[in-house]
Amino acid sequence: MADYKRKNVKKLKAQKPKKSAVAENYKISSFENGEFNSEIPVKSSADAKTERKALRKKEKYLKTEPPKKRVVYTNKSPEELNGSTASLRVLNGTRQRKLFSRILAIALGIALIATITFFELSSPTGIIDAVKTSFGAFGSGSGFPVTINGNAALDIAAVGNNAAILSDNYIEMYNTRSKELFCEQHGYVTPKMAVSVSRALVYDQNSTQYSVYDASGKIADSTLKEPIVFGTVGRGGTLCIVTNPDDYAAKLTVRDKSNSTVFTYKSDAALLNTAIAANSGNYIAANTLSADNGKYRSKILVFSKKSAKPEHSVDYDGLIYSIDPLSDDDFIVTTDTGVLLLSAKEGKTSELDSGKTVQYKDSMPGFGFGAVFGVAGNGTTAKMKLYTKDSTPTFDGSIAGGANKVLWNDRYIVAAKDYNVYVYDYSGKLVHTINCGFSADKLVLIKDNFYIMNNAALTEMSVLDKQ
């Protein structure tokens with residue numbers, strides 16, 4: 001057999017095993033006369049270390065001095081202190097106290113969550129915006145009248161308890177204590193304003209730009225591809241912008257409170273003359289307008305908040321002027337012969353008043369919808385009806401005919417005509433007639449005061465004052 005030699009084999013140097021390894025793996029036994037009689041245990045280093053540590057603790061404990069006796073200073077004798085008749089005291093444990101603390105913490109947590117939920121639901125645009133605008137609207141100015149920054153006032157509207165003023169060059173807002181909350185130059189050629197209870201939308205009609213404001217100032221702006229026909233802002237901040245594209249009759253762009261596009265809808269042949277979000281924000285109602293043999297035909301489209309496909313459509317033989325939010329998911333529709341109630345969930349309309357020409361209409365946040373019936377400019381009086389958010393009539397009476405603007409709250413109805421402001425109570429009685437000294441068509445009603453504009457200043461007047 002051939003002899004093979006190993007190559008590249010490294011010889012290992014023998015090493016003496018460690019003591020710990022010997023102790024743990026081997027036992028040393030004593031022997032006598034050649035026999036193993038007993039075993040001698042060997043401790044590992046770890047066991048020896050543990051025993052030494054325990055011994056040091058024991059020695060330290062034994063060297064500790066006993067506690068000194070406590071001295072009690074008292075007027076009682078030892079017999080009285082140690083007597084068997086001494087009163088007994090029951091010591092209560094901490095179990096009940098801990099249980100009470102837990103219950104209190106849970107109750108406070110539930111109350112905090114309920115408070116946050118309430119403000120989140122009741123605030124139109126959420127609790128964060130509510131806190132921000134509340135701080136923004138805090139403070140006082142030097143008093144009324146307040147000189148505005150623009151050359152000519154175009155519009156005034158109430159945004160919550162603040163007055164937003166649109167002029168030819170500026171958008172500015174004041175609280176009821178005359179403080180200027182913000183003032184910004186908009187730079188629009190044909191500025192228009194639409195408001196909700198918490199926000200103001202300012203857009204350049206027939207151009208492509210718009211901006212959104214609250215009491216703290218500008219919160220968003222955008223430039224669209226098509227010229228803007230009109231825009232609205234809902235209670236929750238939902239924007240509805242109708243534009244005039246080249247390839248369609250009209251285009252509706254819906255954006256949420258963060259100015260992000262939710263959906264767009266394009267109308268092939270019919271124009272869009274109104275679009276608005278419901279107070280809940282769950283639905284969008286829009287109206288398309290067309291003509292057939294010289295007669296107007298309208299179609300109401302109801303969208304869900306996220307779908308460009310209409311959930312319902314309602315045909316109407318006639319002219320629909322506008323659609324306004326009423327309750328959470330209901331709208332009120334103004335037509336050429338009266339007003340209708342629209343249920344967005346069911347996609348159905350019901351008649352509230354018919355056979356009457358609507359001279360003026362408006363929707364007041366928190367106070368429902370109002371319509372003035374009659375022919376504009378005719379007669380000294382006109383019929384007016386107010387409806388609550390559940391469509392119940394709360395006022396059915398007469399006011400000054402040909403009023404330029406009509407506002408109301410839960411106590412008064414204010415009608416502006418020419419240089420005068422007429423104040424009515426809910427029984428229809430004329431309470432006051434106030435002569436402003438200038439045209440009274442630009443005013444807002446906030447609580448018991450109205451704030452009225454001329455081309456130079458904003459003035460505060462009380463509905464309770466007689467002039």
Side-chain angles (χ1 to χ4, degrees), residues 140-148 150 152-167 172-180 193 195 197 359-386 394-467:
S140 301
S142 57
F144 291 99
V146 174
T147 303
I148 65 169
L154 303 177
D155 195 6
I156 181 172
V159 179
N161 289 328
N162 306 309
I165 300 170
L166 178 68
S167 66
E172 47 198 307
M173 191 177 293
Y174 297 87
N175 65 12
T176 55
R177 295 177 297 278
S178 74
K179 178 186 176 181
E180 181 186 278
M193 180 169 64
V195 302
V197 70
Q359 175 186 331
Y360 180 90
K361 65 90 188 176
D362 205 349
S363 182
M364 299 291 291
F367 305 113
F369 178 85
V372 179
F373 301 98
V375 179
N378 291 344
T380 57
T381 61
K383 296 291 291 184
M384 180 176 182
K385 265 194 174 183
L386 297 180
T394 56
F395 176 80
D396 187 357
S398 298
I399 63 169
N404 300 319
K405 197 167 188 178
V406 183
L407 304 170
W408 60 92
N409 54 25
D410 57 345
R411 298 177 62 190
Y412 304 103
I413 300 167
V414 174
K417 181 181 178 181
D418 299 331
Y419 292 88
N420 296 320
V421 173
Y422 302 92
V423 182
Y424 303 87
D425 61 20
Y426 268 70
S427 67
K429 178 183 177 182
L430 179 61
V431 180
H432 302 305
T433 300
I434 302 171
N435 190 303
C436 301
F438 50 85
S439 179
D441 58 338
K442 297 181 180 64
L443 77 162
V444 292
L445 178 64
I446 303 175
K447 297 180 180 179
D448 288 335
N449 297 317
F450 62 91
Y451 300 84
I452 189 166
M453 278 294 311
N454 59 20
N455 281 337
L458 175 67
T459 303
E460 178 187 53
M461 294 186 180
S462 173
V463 297
L464 305 177
D465 293 340
K466 293 182 179 180
Q467 296 285 325

Query - Full working for side-chain contact (heavy atoms from CB on, under 4.5 Å) between Val146 and Glu180 - result: CA-CA 9 Å; Val146 174; Glu180 181 186 278; over 6 Å; no
Query raised in the report: Step by step, would you call Ile165 with Tyr174 a side-chain contact (heavy atoms from CB on, under 4.5 Å)?
Result: CA-CA 8 Å; Ile165 300 170; Tyr174 297 87; 4.0 Å; yes
Requested in this report: List the steps and the verdict of side-chain contact (heavy atoms from CB on, under 4.5 Å) for Thr459 and Phe144.
Outcome: CA-CA 6 Å; Thr459 303; Phe144 291 99; 5.6 Å; no
Report task. Could you go through the side-chain contact (heavy atoms from CB on, under 4.5 Å) check for Cys436 and Tyr419 one step at a time? Result -> CA-CA 6 Å; Cys436 301; Tyr419 292 88; 5.7 Å; no
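Tyr424 meets the ring pair (Phe, Tyr, Trp, His ring centres under 6.0 Å) test with no other residue; sequence neighbours excluded. With sequence neighbours left out, the salt bridge (charged side-chain N to carboxylate O under 4.0 Å, His left out) criterion links Asp448 to Arg411. For Leu386, the side chain to side chain contact (heavy atoms under 4.5 Å, CB included) partners at least two apart in sequence or on another chain are Met384, Thr394, Phe395, Trp408, Ile413, Tyr426.
Sorted by first and then second residue, the salt bridge (Lys or Arg N to Asp or Glu O under 4.0 Å) pairs with a member in residues 413-441 form an empty list; sequence neighbours excluded. Pairs engaging residues 450-461 under the salt bridge (Lys or Arg N to Asp or Glu O under 4.0 Å) rule: none recorded [sequence neighbours left out]. For residues 359-370, the salt bridge (Lys or Arg N to Asp or Glu O under 4.0 Å) pairs, not counting sequence neighbours, are Asp324-Lys361.
Taking 4.5 Å as the limit, some side-chain heavy atom of Val372 sits within range of a side-chain heavy atom of Ile399. Taking the side chain as every heavy atom from C-beta outward, Leu407 and Met364 approach each other to under 4.5 Å.
For Ile148 against Ala153, the heavy-atom pair with the smallest separation is CD1-CB, 4.1 Å. Across every non-hydrogen atom of Phe438 and Met453, the tightest pair is CE1-O, 3.6 Å. Between Gln359 and Ala382, the shortest heavy-atom distance links the atoms OE1-CB, 4.1 Å. Here the closest heavy-atom approach between residue Val159 and residue Ala164 is recorded as CG2-CB, 3.9 Å. Pairing each heavy atom of Ser178 with each of Ser142, the nearest pair is OG-N, 3.5 Å.
Distance CG/Asn175 to CG/Asn161: 9.5 Å, rounded to 0.5 Å. The CG atom of Leu443 lies 10.5 Å from the CG atom of Leu458; values are rounded to the nearest 0.5 Å. To the nearest 0.5 angstrom, Met193 atom CE is 4.0 Å from Asp155 atom CG. The distance from atom CG of Asp396 to atom NZ of Lys383, rounded to the nearest 0.5 Å, is 5.0 Å. Annotation: the span from Asn162 atom CG to Glu172 atom CD amounts to 13.0 Å, rounded to 0.5 Å. Rounding to the nearest 0.5 Å gives a distance of 11.5 Å between CG of Asp410 and NZ of Lys447.
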